[in-house]
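We name chains A, B, ... by the order of the sequence lines, and we start the count at 1 in each one.
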Amino acid sequence: MDFTNKKRSYYCGQVTAANIDETIVLKGWAHSRRDHGGIIFVDLRDRTGICQVVFDPDVLVDKFATAHGLRDEYVLAIEGKVRRRPEGTINAKMHTGEIEVLVKDFEILNTARILPFKLDDYAKTSEDIRLKYRFLDLRRPEMQKKFMMRHKLYQVVRKSLSDQGFIEFTTPILTKSTPEGARDFLVPARLSPGNFFALPQSPQLFKQLLMVAGYDKYFQIATCFRDEDLRANRQPEFTQIDIEASFITPEEMFDYVENLVCNVWKECKGIDIPRPFKRLPYAESMLKYGSDKPDLRYDLSITEVTDLFRDVEIKVFSNVIAKRGRIRALRLPGGAALSRKQIDDYTAFVGVYDAKGLAWFKVQENELQSPLAKFLTPEKTAEFVAAVKAEVGDIIFIVADREKVVCDALGALRQKLASDMKLYDPKAFSFAWIVDFPLFEYSERDKVYTPSHHPFTAWVSEDTPKMEEYVADPDKFKNVHPDDHPLKGVRALAYDLAVNGEEMGGGSIRIHRADVQSLLFRAINIGEEEAQDKFGFLLNALSFGAPPHGGLAFGVDRMLMLLLGETNIREVIAFPKTQSGTDLMSEAPSQITDAQLKEVYIKVDLPPETK
RNA sequence: GGAGUCGUAGUUCAGUUGGUUUAGAACGCUGGCCUGUCACGCCGGAGGUCGCGAGUUCGAGCCUCGUCGGCUCCGCCA
């Protein structure tokens, strides 16, 4: 029989005891075959599941020889009768394990070459091979579950935001390159020789313009592009849930977003997240957790001990104090059991973050065991132990360095210790809004303050004089210590949502007045002319009755990582890039022809060593 | 740009201090047998440029250097 016009009756995973005695048509892939010489069992699979179909020589007669030729991943159409499996052969592990389909007729719709790897859940395959044959990798039930979840997430987001009055838009992919932020991906503009489009790092400016246009509440599931190096949680193209609303307070924004996030966790995970989420000021987060995206599933925390060591004769500490650095301590309960080797490993671990050392103190009855213990008087020892609330059997780690190094090193060590010591439930979730971000952060490399969020972020209005003080005479502050710089203390109206140590989303209230935006540009050394050239359209729009507005964006891929318990973003992206930014399946990027280059007026000029 | 780590059969891996035979195992593949399996089973078979290139050595899968690729991290990522 020709199955071309034979409609599929059910998906494989949907056939149950309710269908017994029905004659049905199934189509799918041969997942596994068990050929007994006589009778043959095939597990027919599609995206919904697996159904056992039976090829019986007494039923099929002439066609039975063909059934012997079936191989893994052949594409089949079968017609047969659903029947209860014989006594003792019911498979309780299978959703459809109560029944089977006795094949009366079938057609091989397509054959398959021998696979480069097995598609079952038992065999683990290295990632480069999975990526090269991504179309097969994605055929695995395990992967299909992830992308069903991704679909579900999209649906919940659309419903939840639409129900809350948000309007979905599509904004351009070919946009204008802007300074600041990440490196742009560029696209030559054939119709404007010598000019280039940039792919959007986010729809930031467009959504602000939609607020100016009066749409009041906007959202988009947007693809964003940033040409920077990749990480386990970072791809050059990624998806954001982009949100913006007019006339709102940060608290209203939190309310909309918490509602959305709770809907997502409820629908996708079946979990009720308690509301409202914790609010944690940036400064407190950096001090206690060494991070602006702390993992709060466990309660290790860092203690400031700079002042305590001011009058202690430890040279490495006093040097740090003299340079206005910080000394901070991290207590690990029960950590006195760590071996010298383990401590050495942790010392090497914090070295990655530029920490020049890791001091340690094991807490014993009435004394500390440490190479540095001899420098502490009994009174100082007691004061130190009390300050970090240490108990006998604990270990206290100390990093003394520039504030950034101390935060990075102890923040990373905190995560590492918690993970090594299994201090948290990997299935738990901790949500926290990180608030009161500084508007600017100091760049050690460039010796200047740059926006810590993006240059459209509004700030607390009482801090405007600090901005004006700097802008009035920037040269005056060229050589002042960064801690004394007027821009250091400017508080942004920005917020991030940190989940399990990941930054899942972030946003801010935006600048909505052209004069205020100009002040910000001057503070970050973007001149009037450059501002007009790069952002003239925004300044223009802000001058035509732009309403106060703000919003935020969520990393969809990171959200899915969290929902699925994945530690790698490639697992939730259908066709991801490798760490070197290539696609092993299509072999993109690739060379193009001279004719193509000529058409867009580009000459390639590689440095000698890459030619 | 930098650091670490991995690269052996189609796949996942083992391969000791540089020398034990023809570089092994499991799964997959393949030929045969098998009418109640469900990661079917049993008997047989094929399958290798040890990522690539130099070097050290009487001798290299193993040591050295370079290079390519995967992954993790630092820098970078508003």
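Within 4.0 Å (heavy atoms only), A:D35 reaches at least one base atom of the nucleic acid. In this structure, A:R570 reaches the sugar-phosphate backbone alone: every heavy-atom distance under 4.0 Å involves primed, P, OP1 or OP2 atoms, never a base. A:S580 comes within 4.0 angstrom of sugar-phosphate atoms only, judged by non-hydrogen atoms across all strands, and of no base. Residue-level contact check: A:R83 touches the bases, meaning some heavy atom is under 4.0 Å from a base atom. When heavy atoms are screened at a 4.0 angstrom cut-off, A:F456 is found touching no nucleic acid atom at all. In this structure, A:T125 reaches the sugar-phosphate backbone alone: every heavy-atom distance under 4.0 Å involves primed, P, OP1 or OP2 atoms, never a base. Among the heavy atoms of the strands, none lies under 4.0 Å from A:E441. Here A:D227 lies out of heavy-atom contact (under 4.0 Å) with every strand. Using a 4.0 Å heavy-atom cutoff across all strands shown, A:P451 reaches sugar-phosphate atoms only and no base atom.
Between the NZ atom of A:K132 and the P atom of B:C68 there is a distance of 19 Å, rounded to whole Å. Straight-line distance from the NE2 atom of A:H68 to the P atom of B:C40: 16 Å, rounded to whole Å. Straight-line distance from the CD atom of A:Q235 to the P atom of B:C71: 9 Å, rounded to whole Å. Between A:E142 atom CD and B:A39 atom P the separation is 16 Å, expressed in whole Å.
Taking the six-membered ring for Trp and thresholds of 30 and 60 degrees, A:H68 and A:F64 have ring planes more than 60 degrees apart, a perpendicular arrangement.
For A:R113 against B:G10, a side-chain-to-base donor-acceptor contact under 3.5 Å is absent. In the interface, the side chain of A:R226 is not paired with the base of B:C77 through any donor and acceptor atom under 3.5 Å apart. With hydrogens and angles left out, the side chain of A:N91 and the base of B:C38 share a donor-acceptor pair within 3.5 Å.
Nucleotide B:C33 is matched to B:G41 when pairs are restricted to Watson-Crick or G-U wobble geometry with both distances under 3.5 angstrom. The nucleotide B:U64 finds its pairing partner in B:A54, both defining distances of the Watson-Crick or G-U wobble pair being shorter than 3.5 Å. For B:U5, the paired nucleotide is B:G70, the pair qualifying as Watson-Crick or G-U wobble because both relevant distances are below 3.5 Å. With both pairing distances under 3.5 Å, B:A23 is matched to nothing as a Watson-Crick or G-U wobble pair.
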Let me see the working for A:K132 and A:D128 under salt bridge (Lys or Arg N to Asp or Glu O under 4.0 Å), right down to the final yes or no. CA-CA 6 Å; A:K132 181 172 177 186; A:D128 48 344; over 6 Å; no
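Dashed line: the shortest gap from a side-chain N or O of A:S126 to OP1 or OP2 of B:C71 is not under 4.0 Å. OP1 and OP2 of B:U37 both lie 4.0 Å or more from every side-chain N or O belonging to A:R34. In this structure, A:T582 reaches the B:G70 phosphate: one of its side-chain N or O atoms is under 4.0 Å from OP1 or OP2. In terms of phosphate contacts, A:S32 brings no side-chain nitrogen or oxygen within less than 4.0 Å of OP1 or OP2 of B:C38.
A donor atom on one side chain and an acceptor atom on the other are not found under 3.5 Å apart for A:T582 and A:E587. Side-chain polar atoms of A:D557 and A:Q235 form no donor-acceptor pair below 3.5 angstrom. With no hydrogens or angles considered, no side-chain donor-acceptor pair links A:Y424 and A:D295 at under 3.5 Å. Checking A:S177 against A:D184 by side-chain atom types alone, a donor-acceptor pair falls below 3.5 Å. Inspection of the A:D436 and A:Y495 side chains reveals no N or O donor paired with an N or O acceptor under 3.5 Å.
Aromatic ring centroids of A:F41 and A:F55 lie 6.0 Å or more apart.
Considering only the side chain of A:D58, B:U35 comes nearest among B:U35, B:C77, B:G36. Comparing B:C38, B:C74, B:U11 by their nearest atom to the side chain of A:F117 picks out B:U11. Looking at the side chain of A:T578, the nearest of the listed nucleotides B:G10, B:C77, B:G70 is B:G70. Checking B:C74, B:U72, B:G70 against every side-chain atom of A:L584, the shortest atom distance belongs to B:G70.
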Pick out the pairs of N or O atoms, protein on one side and nucleotides 26-30 of chain B on the other, that lie under 3.5 Å.
residue, atom, partner, partner atom, Å
B:U30, OP1, A:R71, NE, 3.3

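With the nearest nucleotide of RNA chain B identified for both A:L230 and A:Q204, A:L230 has the one nearer the 5' end. Each of A:R558 and A:R85 lies near RNA chain B, and the nucleotide nearest A:R85 is the one positioned closer to the 5' end.
Counting heavy-atom neighbours within 6.0 Å of A:K293 NZ, excluding the residue itself, gives a total of 12 or less.
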